[in-house]
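None of these values were measured; they are calculated from a predicted model.
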Amino acid sequence: MEKQKRENRVKLYGVIIGLSSLAAQHGIYLLANTLAGVVGNEAILPIIDQIDNAIPVLPIFIIPYVWAYLFWGMAPMAASKCKTDHFKDFLAAYLIACAVGGLILVFVPTYMDRVAEGLWTRPQDNFLEKLLHFWYSLDGSERAYNLFPSFHCINSTICYLAVAGRKEVPLWFRMYSLVIAVMIFAATLFVKQHYLIDVVSGILIAAVAFAAAKRWHLGNMFNPLIAAWNKVFKKA
């Protein structure tokens, strides 16, 4: 019983990866934009007029959009309660999805003209509108970039799949992960940070990466690191 309790706790490596993944994801985002400038491909506008122009701006959704960062930090911690093989496959899927997404950002750069969309000049007459404008200012201001695929959707999909159906993870957190992931998908559209194709592509890339990692146990690539970790911490 004591051994089972030890195995079903949040592991130190889950905490470390959960916190470091936030910095890594942001680093990929910035690096991709820099490399896209070096490659020099012309940025495209991935809008589907009939669909994207019909989606309203709902400032309340800036809350789950920002909350996503906390979710991404918590998910690896929760997943670390699972068996090591599952956690390794989750981590492999995460890295693969981010790598694929990053390469697309580099070679197929995309943008959104917030002035033309009427977003940059929206009245800031309440807290949510001010927070939305502030977030725009952190992400290109008048011109957004790195839209396709949405890393908000890549990360959120992977984080949900990491705990979905895992009995080692409390039911409330599994349900929370599903609800917050769906809310983040919606938020990327309702705060006009992305177009529909960005959301769909992010979800698909993450789902395929996760399925591949589980099917071929791609997490085995981390076996040398796991062995070194166990040697240092003596499986504590």
Side-chain angles (χ1 to χ4, degrees), residues 3-29 32 68-105 149-182 184-185 199-236:
K3 180 180 179 181
Q4 184 178 4
K5 287 183 178 179
R6 289 199 305 270
E7 291 177 348
N8 190 234
R9 72 182 190 278
V10 173
K11 312 299 193 302
L12 176 60
Y13 57 76
V15 176
I16 294 173
I17 291 173
L19 296 177
S20 61
S21 66
L22 299 179
Q25 184 271 339
H26 190 61
I28 292 173
Y29 190 80
Y69 292 88
L70 293 175
F71 174 49
W72 302 339
M74 290 186 289
M77 299 179 196
S80 72
K81 293 168 66 68
C82 303
K83 293 180 179 180
T84 304
D85 286 344
H86 174 74
F87 186 85
K88 290 189 299 181
D89 288 339
F90 149 69
L91 185 57
Y94 208 143
L95 295 178
I96 291 168
C98 287
V100 171
L103 288 173
I104 294 174
L105 293 181
S150 164
F151 264 68
H152 258 67
C153 294
I154 286 177
N155 293 343
S156 299
T157 302
I158 290 285
C159 287
Y160 165 66
L161 292 175
V163 300
R166 303 300 304 191
K167 293 183 179 180
E168 306 96 321
V169 178
L171 178 61
W172 71 265
F173 190 86
R174 285 181 272 154
M175 296 300 296
Y176 156 78
S177 297
L178 175 59
V179 171
I180 195 63
V182 172
I184 291 167
F185 299 157
V199 173
V200 174
S201 61
I203 294 172
L204 288 177
I205 288 171
V208 171
F210 193 87
K214 295 296 290 183
R215 171 66 177 82
W216 290 291
H217 298 294
L218 301 181
N220 286 335
M221 70 174 78
F222 300 114
N223 284 345
L225 291 177
I226 294 294
W229 175 276
N230 288 337
K231 184 177 181 180
V232 172
F233 291 94
K234 297 180 180 179
K235 300 184 180 180

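No side-chain heavy atom of Ser177 sits under 4.5 Å from any side-chain heavy atom of Met74. The side-chain heavy atoms of Leu19 and Met77, taken from C-beta on, include a pair separated by under 4.5 Å. Residues Ile154 and Tyr94 fail the side-chain proximity criterion, which asks for heavy atoms closer than 4.5 Å. Val163 is not listed as a side-chain neighbour of Phe90, based on a closest heavy-atom distance of 4.5 Å or more. Using a 4.5 Å cut-off on side-chain heavy atoms (C-beta onward), Thr84 and Lys11 make no contact. Looking at heavy atoms from C-beta onward, Ser150 lies out of side-chain contact with Phe185 at the 4.5 angstrom threshold.
Taking every heavy atom of both residues into account, Leu22 and Tyr69 meet most closely at CD2-O, 3.3 Å. Counting all heavy atoms, side chain and backbone alike, Ala206 lies closest to Ala97 at CA-CB, 4.2 Å. Listed here is the closest heavy atom pair of Pro224 and Asn220: CD-O, 4.3 Å. The shortest non-hydrogen separation linking Ala79 to Ala162 is CB-CB, 4.1 Å.
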Exercise for review: Go through the steps to decide whether His86 and Lys214 satisfy the test side-chain contact (heavy atoms from CB on, under 4.5 Å), and finish with yes or no.
Suggested key: CA-CA 8 Å; His86 174 74; Lys214 295 296 290 183; 3.0 Å; yes
Point to revise | Criterion side-chain contact (heavy atoms from CB on, under 4.5 Å) on Tyr160 and Ile184, from CA distance to verdict | key: CA-CA 11 Å; Tyr160 165 66; Ile184 291 167; over 6 Å; no
Practice item. Run the numbers on Asn155 and Cys98 for side-chain contact (heavy atoms from CB on, under 4.5 Å), then give the verdict. Key: CA-CA 8 Å; Asn155 293 343; Cys98 287; 3.9 Å; yes
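Atom CE of Met221 is surrounded by more than 12 heavy atoms from other residues, nucleotides or ligands within 6.0 Å.
The side chain to side chain donor-acceptor pair (under 3.5 Å) test applied to Ser156 returns Trp72, not counting sequence neighbours. Looking at residues two or more places apart in sequence or on another chain, you find no side chain to side chain donor-acceptor pair (under 3.5 Å) involving Tyr13.
Partner Pro76 forms a side chain to side chain contact (heavy atoms under 4.5 Å, CB included) with one of Val15, Ile17, Ile158 and no other, that one being Ile17. A side chain to side chain contact (heavy atoms under 4.5 Å, CB included) with Ile203 is found for exactly one of Val200, Val199, Ile205, namely Val199.
Classified by interplanar angle (parallel below 30°, tilted 30° to 60°, perpendicular above 60°), the ring pair Phe173/Phe71 is tilted.
Judged by distance alone, the side chain of Arg174 and the main-chain N or O of Val169 form a donor-acceptor pair under 3.5 Å.
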